[in-house]
J.: 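Questions regarding the structure given below will be posed in turn.
Chain A is the first sequence line, chain B the second, and so forth, proteins listed ahead of strands; every chain is numbered from 1. All figures in this text were calculated on a predicted structure; none of them were measured in a lab.
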Amino acid sequence: MAHLKEIVKEELEKNDNSKETLSLCEEIFDWYDEDGPKLIKTNIQKRIKEIKSQVNRDIRIIKEKSPAVKKKAKKRKRKKK
Amino acid sequence: MESLEIEGFRGINQRLTFKLDRPIVFFFGKNGFGKSSVLGAIEWCLFGNLAYIVNPESRMQDEIVNIFNLEGKARVKLVMVFGNKRYEFTRVKNIGKRNTKFTITSPDGEFQDKQAENKCFTLLNITFDDFYRAVYLHQESVRGLLIDKPAIRDETMDRLFGLERLRNILKAIPIRDVRDAVKKLQTKRDRIGERIKGASEKVENDYRKNLENARELGLKEENISFEFGSKKVKSIIDRLGEIAGQYDINLLKFSVPTSVEDLNKGSIRAKKFMNECRKTIISDSGVGDTTAKKIRLIELMEKYSKNEEGIKDAKKRLSEIETKYGDKIKIEKFIGGIKAKIDKLEEKRKNINVRQRVINDAIDYFEKITENSCPVCGSAIDGKKILEKLKSQIEKLKTKTIDEIDKENEKLEKQKKELEDASSDFLTIKGELDTLKIKKENQIQSISELIGKTLEKAENLTEIVSREIKKLDADIKKFEDAHKSREEEFQRIEGDIDIVKAIHKVLTKKQEYEGIKTLMASDVEGMKTLRDEIKKLNLFEDMLTQLMKAMTSAQINLADEEIKKTSPNISKYYGILCNHPYFRGIRIDVQSKKAGGKVKNSYFIKAFNPTERKDTAVSARFSTGQMNCVALSIYMSLSTVLSHKLGFLILDDSSQSLDTEHKYSLVEILNKVVSDNQLLISTQDTEFQKILKSQLSSKEKKCIYTFENWDKKGPSIKFAE
């Protein structure tokens, strides 16, 4: 398993990937070793959730500060008799 | 493996213990005696799953538990040695419960359930899928390599090449979720940006509109300020105070504006107070009553005049009748006289009618009867002559006397009618006149009450009323003059109120506009933070994409390498095992294939003739036995590539569809594999059993478990070395 990680890291370095990408590669392989593919999915989704929560918090703050804009009333299509 | 203990599992009821500490362990016996149960116990103990239960009874998987076990419990304990460390894997399942209890006892301590699962994975470095495809070679999985769906075949090959981890990792990375999250957040960010922009544009438009309105009211730019508005409010209050004082009205309490909002409040209060002043002043002045009185007087006078005309007209008509016919008494008298005459004429006519009837009867008689004697006295008469005479007499009667009577009668009737009409008209006009006189009296009374004077003579009425109306007009004019100047002042005040309102609107919108500009500045900061957060996710997505790309590239490169590395062995084993008369060699081709948004390896197993350079897909042209040989060659040569730590292979009925020659060839291959792996081989094939016993060699003694029988207690097993 270790050698697979090294092969993938070599591939990443070949394509000039950043240190963060290499570090993520390590993390993902470690998660797999710890608890298989499930943990990879869980941890990635956790990370998405964290960022989403932060973004939603930022949006909420901005919305609170900014004035509401009245939405245009939707025109209802009337059925032709 | 060191040992295996099974109780209550599948076909095994009472506890059985197997020593597995040999390089080769055989399980021989007929079908249905529990051999696969023993091998399945290893699979289930390590992973809690069995790969090939065809028709599970329920979600509880109670078919795992032996139906005759009194405790209703399945229990398997597997002891394995890794290096010098001894590990006991124990799994227990009760009937009716879906979950199992899994324990690992090790030198590092005891692990249970979830922790034990984690420990197991760390120790073995293999998942359940990997196990049943590359360690425990079921016949189904062997053949599945060649004829299963391409996706499953590709997965199997990846596992055999030791690439199953990369495949598992690639499969596990939820790249789509990341991309969807990025998209959604970008959309949210864009929307919020639009919202802020929209809000600020609206406020700016409103501010400019209000400014325009204020200019139209004559306000200069420098006067659109709180101070100016405040001064205006004070001036309004002062002027309203003056008016209130003039008319003795209580002035509302006004406070000096201290904020922009107070300007609006002040102007609203001022407007309200002004309207109340108007109502109060008008109602207290009595001008309403005066005007109403005047209108009523005029109405009454009009009615009175009309009435007077009516009286005049009635009198005139009465006078005309009297002049023509006399008064009522005379008219009645005349009518009486005419009636008497008519009666006399009527009498006369009656008499003539009787005579006429007699003559007519006589005419009839004499026309019908030709006798010449009188019907009355019997004397002789000339009937014809009499008839002629009678006829001439009747003519005279008709033409002269009756006509005269009728004419006279007609004349008298006409006179009578005329007099009767005159009499009737007289009565009607008299009635009308009386009514008009009563009305007149009432009108005079009403006018008297209205003007507050008793009117004795009706001749002065018009003059008196006219004087009164003039007086009322004078009062009304006085009020109107006062009202005009007061109303002008009110309008001036209203104008100032509008100015204050306009100032308030402009200042409020300006505040809002400036607020938004500040907000936008801070929103720029806020939006920047937002963008940065989304950028983080974007970056994360990019990193994952790069990682997946690298893994895919590594996957295909490694597969290529492994194929090159193992091709000689595959070919060798194929040569030994299959020995096809035409297709002498087999090869595995690998390509990248995009499926479900991810790039995977796709494998093609082909047999070829090296001389004639023809090839074919093995699944297309090979027989079942030949396909088995191909699958076994690949499995056996690749199984040594697997990077798990189990160190054993399980073969269950691997000789299916093989003839004797091929069975020997298989054993030849197993001899090569046994040096690197412990082998657990199960078969019901007696010929294969003999070949295995005689041909499969190892440094240590083999152990043979022969399943001789099976009953409710489980299989009866004989052990031999």
J.: Which region of B/L537, side chain (C-beta onward) or backbone (N, CA, C, O), has a non-hydrogen atom less than 4.5 Å from a non-hydrogen atom of chain A, or is it both or neither?
T.: both

J.: Below 4.5 Å, heavy-atom pairs only: which of B/K188, B/E117, B/R189 has the largest tally toward chain A?
T.: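 Sorted descending by pairs with chain A, the first entry is B/K188.
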
J.: Given a strict heavy-atom distance threshold of 4.5 Å, which part of B/D532 is in contact with chain A: side chain, backbone, both, or neither?
T.: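 It is neither, since no heavy atom gets under 4.5 Å.
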
J.: Please confirm whether A/Y32 and B/F121 have ring centers closer than 6.0 angstrom.
T.: yes

J.: Relative to chain B, which segment of A/K9 carries a heavy atom at a distance below 4.5 Å: side chain, backbone, both, or neither?
T.: neither

J.: Is a side-chain donor or acceptor of B/N601 paired with a backbone partner of B/S592 at a separation under 3.5 angstrom?
T.: no

J.: Could you tell me whether B/D206 and B/K505 make a salt bridge, using a distance below 4.0 angstrom between a side-chain N and a carboxylate O?
T.: no

J.: Contact part of A/N43 toward chain B, heavy-atom cut-off under 4.5 Å: side chain, backbone, both or neither?
T.: neither

J.: Who among B/V182, B/L544, B/L163, B/D542 has the most heavy-atom pairs with chain A under 4.5 Å?
T.: B/L544

J.: Against chain B, work out which of A/I44, A/T42, A/I40 has the most heavy-atom pairs shorter than 4.5 Å and name it.
T.: A/I44

J.: Would you call A/R47 and A/E50 a salt bridge, taking side-chain N to carboxylate O under 4.0 Å as the test?
T.: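 A/E50 and A/R47: not salt-bridged.
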
J.: To the closest 0.5 Å, what do you measure between CD (B/Q546) and OG (A/S18)?
T.: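 If we round to the nearest 0.5 Å, B/Q546:CD and A/S18:OG are 9.0 Å apart.
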
J.: Checking B/L539 against chain A: side chain, backbone, both or neither under 4.5 Å from a heavy atom?
T.: neither

J.: How are the rings of B/Y513 and B/Y207 set to each other: parallel, tilted or perpendicular (split at 30° and 60°)?
T.: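 Rings of B/Y513 and B/Y207: parallel, under 30°.
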
J.: Using the salt bridge (Lys or Arg N to Asp or Glu O under 4.0 Å) definition, which of the options A/E11, A/E26, A/E10 pairs with A/K5?
T.: A/E26

J.: Heavy-atom cut-off 4.5 Å, strictly under: side chain, backbone, both or neither for B/K549 against chain A?
T.: neither

